[in-house]
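Input: a single structure, listed below in structure tokens.
Values below: every heavy atom of this structure, side chains too, minus hydrogens, waters and symmetry copies.
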Amino acid sequence: MSTLRALARAQAVAAGRAQPVATVRHLHLSDRPLVLVPLALAGEANAPLAAMVGAAPDEARLLVVPQPRNRDQRFAFAAELAGVVLPYLDEFRDLTEAVPVDRGRDVRHRYADAPQLLVPNPAGITFLRLFGRSTRFRRTDGDYPVHQSVPLLGRWLTFFAERAEQPGSSALLALTDALTLHWATGQSVVEDLHLPAVLGWLEPPAGLTGAEAAARAEDPARCPPAGPATDPDFDNRRLAPAIEAYTRAEGDPAARAAAYDELAGLLRGQLAPTWELMWRGVGLLRTLPAGARVTGRWAGDRDAFTAHAEHVDAGGGPQPRRDGAVAAALRLQRLERASTAWAVQRAYDDPLVMAEHRLSGEAFVGEVTLADPARVDDSGKRPVLRPRIQVVTTEPVPMPVGATLYSPARPAQKAKIVFVTPGGDGKTEVVLELSGGMGRGLTAPPGSVPEVGERICLTGLSDGFLPGGAFPAAEETPWTHGGPPGTAAAPPDPAPAEDWS
């Protein structure tokens with residue numbers, strides 16, 4: 001936990017209300033997200049019990065598994081869920097857009113928008129990942145066939161679960177993570193996994209502090225768990241007898257229908273409060289303006305959605321159960337690059353996030369006291385524009401002479417440190433030579449060079465392109481890592497592969 005977030009948590013306790021730790025929204029929010037609140041049966045390995053799903057507050061649809069231990073009923077639930085999710089995905093496959101590539105010499109096409117799934121907490125993402133794993137390999141013929149939509153649903157749920165592991169992706173979001181990314185509560189990180197408690201800190205009822213509202217929200221009698229886990233007292237006193245009554249009513253249609261209605265009513269009562277909280281949380285996130293780089297990250301989600309849709313349409317196989325060695329290395333590198341880019345982009349978009357880097361010595365803010373925008377360096381083969389500025393700051397400057405810095409206000413421009421002169425009054429003078437972001441002429445366009453009196457932020461964090469590492473071709477990969485001789489090369493990875501560790 002960073003120093004500023006720890007301070008914000010302490011301030012939340014003192015103020016009795018969650019404190020903002022972001023000035024902009026760092027995640028994309030769809031105009032029509034698909035909210036999914038799952039429930040799983042306690043004591044069973046990811047056995048679905050019920051789900052409430054819909055793309056609008058008034059479109060809630062309740063799906064129930066009367067006997068979760070019954071295999072046929074579980075896959076009937078999967079088919080019913082596919083009947084909601086797959087048509088929702090198809091809504092985004094009507095409109096495409098052309099994207100220039102190869103410096104405008106060619107174009108590729110991708111969908112103009114992409115679907116977005118919202119679940120209450122990270123456990124909901126785990127539920128979807130495991131449910132996708134249990135359904136994407138099912139056969140639609142032979143012994144124990146399932147509906148043809150079930151394996152397709154499993155592949156799409158696996159796709160969304162994999163995207164959720166990608167830092168900065170908004171394809172599948174846990175609402176507790178999204179809210180605590182932008183606000184700090186006065187409770188522990190573990191308690192932040194409980195959606196009613198988080199919203200108790202964000203919007204405490206009149207007359208209550210955030211701590212009091214969170215304590216009330218943790219009472220299952222007032223607010224049931226946000227899923228997929230259920231309350232043990234509810235399981236023992238109400239759920240188990242209702243399931244038993246449904247099982248005993250086999251052979252009596254009227255009694256079974258009555259038992260089903262009672263069970264569905266119980267489960268609706270467990271899910272409906274969380275359903276309402278989900279849309280309250282979405283409304284809170286919408287109050288924040290989107291960060292400048294959110295659109296670019298959402299474009300990456302649209303690219304991934306387009307690629308997976310084309311892979312499915314072309315008859316490609318499901319995602320592998322486990323990564324091969326090369327696929328695992330590629331995936332790890334992709335996640336590391338995404339994590340680095342996500343941290344830098346958040347800092348560039350949000351001064352509150354950048355403040356954490358200022359505390360750690362990775363950035364500083366100062367005032368421009370001198371500027372020479374017309375300076376030309378003619379020591380090389382041809383003269384080039386190299387303006388210099390002097391920045392005075394009261395913050396530490398641990399960067400050495402020769403280091404390259406960047407400014408969020410001018411991300412395409414590089415600032416090389418020429419001199420660092422500590423002052424006796426706690427101020428430090430930093431002389432920087434600028435390059436890039438000023439055109440190709442010998443005259444800097446207006447605004448491209450910081451002016452005297454301007455306060456700027458300078459950091460070693462770069463928002464530039466991060467090149468990938470070099471990996472051997474399949475025929476050059478050792479057999480120990482999936483290549484020849486002795487074994488076939490690692491299977492292709494058309495979509496990000498899943499991590500089963």
Side-chain angles (χ1 to χ4, degrees), residues 35-54 60-78 80-81 119-124 126-128 130-131 174-176 187-188 190-200 205 208 211-280:
V35 171
L36 198 159
V37 184
L39 277 184
L41 184 67
E44 293 289 328
N46 212 60
L49 175 63
M52 188 167 281
V53 58
R61 181 172 174 180
L62 178 66
L63 311 180
V64 176
V65 185
Q67 178 46 268
R69 296 180 180 89
N70 184 293
R71 178 191 180 281
D72 293 336
Q73 292 187 24
R74 288 163 66 164
F75 286 109
F77 165 84
E80 197 173 359
L81 181 61
V119 294
N121 47 41
T126 301
F127 176 90
L128 295 186
L130 294 176
F131 196 59
L175 192 58
T176 52
Q187 59 188 8
S188 70
V190 174
E191 291 171 312
D192 279 345
L193 299 176
H194 191 244
L195 180 61
V198 171
L199 287 170
L208 295 180
E212 294 168 340
R216 291 183 60 182
E218 291 175 356
D219 181 359
R222 293 178 180 270
C223 188
T230 52
D231 174 47
D233 187 66
F234 167 79
D235 291 346
N236 296 328
R237 294 178 181 272
R238 305 183 66 187
L239 179 61
I243 293 178
E244 181 63 25
Y246 177 86
T247 304
R248 288 198 310 267
E250 185 176 3
D252 187 342
R256 189 153 228 197
Y260 178 88
D261 290 341
E262 179 183 357
L263 178 59
L266 288 176
L267 295 173
R268 183 181 294 275
Q270 291 290 296
L271 291 168
T274 301
W275 175 264
E276 296 174 1
L277 293 177
M278 289 289 292
W279 292 104
R280 277 178 54 193

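Partners of Gln187 by side chain to side chain donor-acceptor pair (under 3.5 Å), not counting sequence neighbours, listed by chain and number: Asp192, Trp201. Arg280 is linked by a side chain to side chain donor-acceptor pair (under 3.5 Å) to Glu203, counting only residues two or more places apart in sequence or in another chain. Not counting sequence neighbours, Glu262 has no partner by the salt bridge (Lys or Arg N to Asp or Glu O under 4.0 Å) test.
Relative ring orientation between Phe131 and Phe77 is described as perpendicular, the plane-to-plane angle rising above 60° on a 0-90° scale split at 30° and 60°.
Of the possible donor and acceptor atoms, none in the side chain of Arg61 sits under 3.5 Å from a partner among the backbone N and O of Met52. Looking only at distances, no side-chain donor or acceptor of Gln270 sits under 3.5 Å from a matching main-chain atom of Pro224.
A distance of 4.0 Å separates CZ in Arg222 from CZ in Arg216, rounded to the nearest 0.5 Å. Separating the CG atom in Leu175 from the CG atom in Leu199 is a distance of 6.5 Å, to the nearest 0.5 Å. With values rounded to the nearest 0.5 angstrom, Leu36 atom CG is found 8.5 Å from Met278 atom CE. One distance of note links CZ of Arg256 with CZ of Arg248; it measures 12.0 Å at 0.5 Å rounding. The distance from the OG1 atom of Thr230 to the CZ atom of Arg238 is 12.5 Å, given to the nearest 0.5 Å. Here CG of Leu239 is found 9.0 Å from CG of Leu39. Values are rounded to the nearest 0.5 Å.
Residues Leu277 and Cys223 meet the side-chain proximity criterion, which asks for heavy atoms closer than 4.5 Å. With a 4.5 Å cut-off on side-chain heavy atoms, Pro38 and Pro120 count as touching.
Residue Pro228 comes nearest to Ala123 through the heavy atom pair CD-CB, 3.5 Å, listed as atom of the first residue, atom of the second, then distance. Here the closest heavy-atom approach between residue Ala226 and residue Leu195 is recorded as CB-CB, 4.1 Å. Between Pro220 and Glu218 the shortest heavy-atom distance is CD-O, 3.2 Å. When all heavy atoms are compared, the tightest approach of Ala42 to Asp235 is CB-OD2, 3.6 Å. Scanning both residues, Val64 and Tyr260, for their nearest heavy atoms gives CB-OH, 3.8 Å. Minimum interatomic distance between Ala242 and Leu263 (heavy atoms only, all atoms of both residues): CB-CD1, 3.9 Å.
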- Task: Go through Leu267 and Leu49 one step at a time and tell me if the side-chain contact (heavy atoms from CB on, under 4.5 Å) criterion holds.
- Result: CA-CA 9 Å; Leu267 295 173; Leu49 175 63; 3.8 Å; yes

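No hydrogens or angles considered: nothing links the side chains of Asn121 and Thr176 as a donor-acceptor pair under 3.5 Å.
Open room surrounds CD on Glu250; 12 or fewer heavy atoms of other groups in view lie less than 6.0 Å from it.
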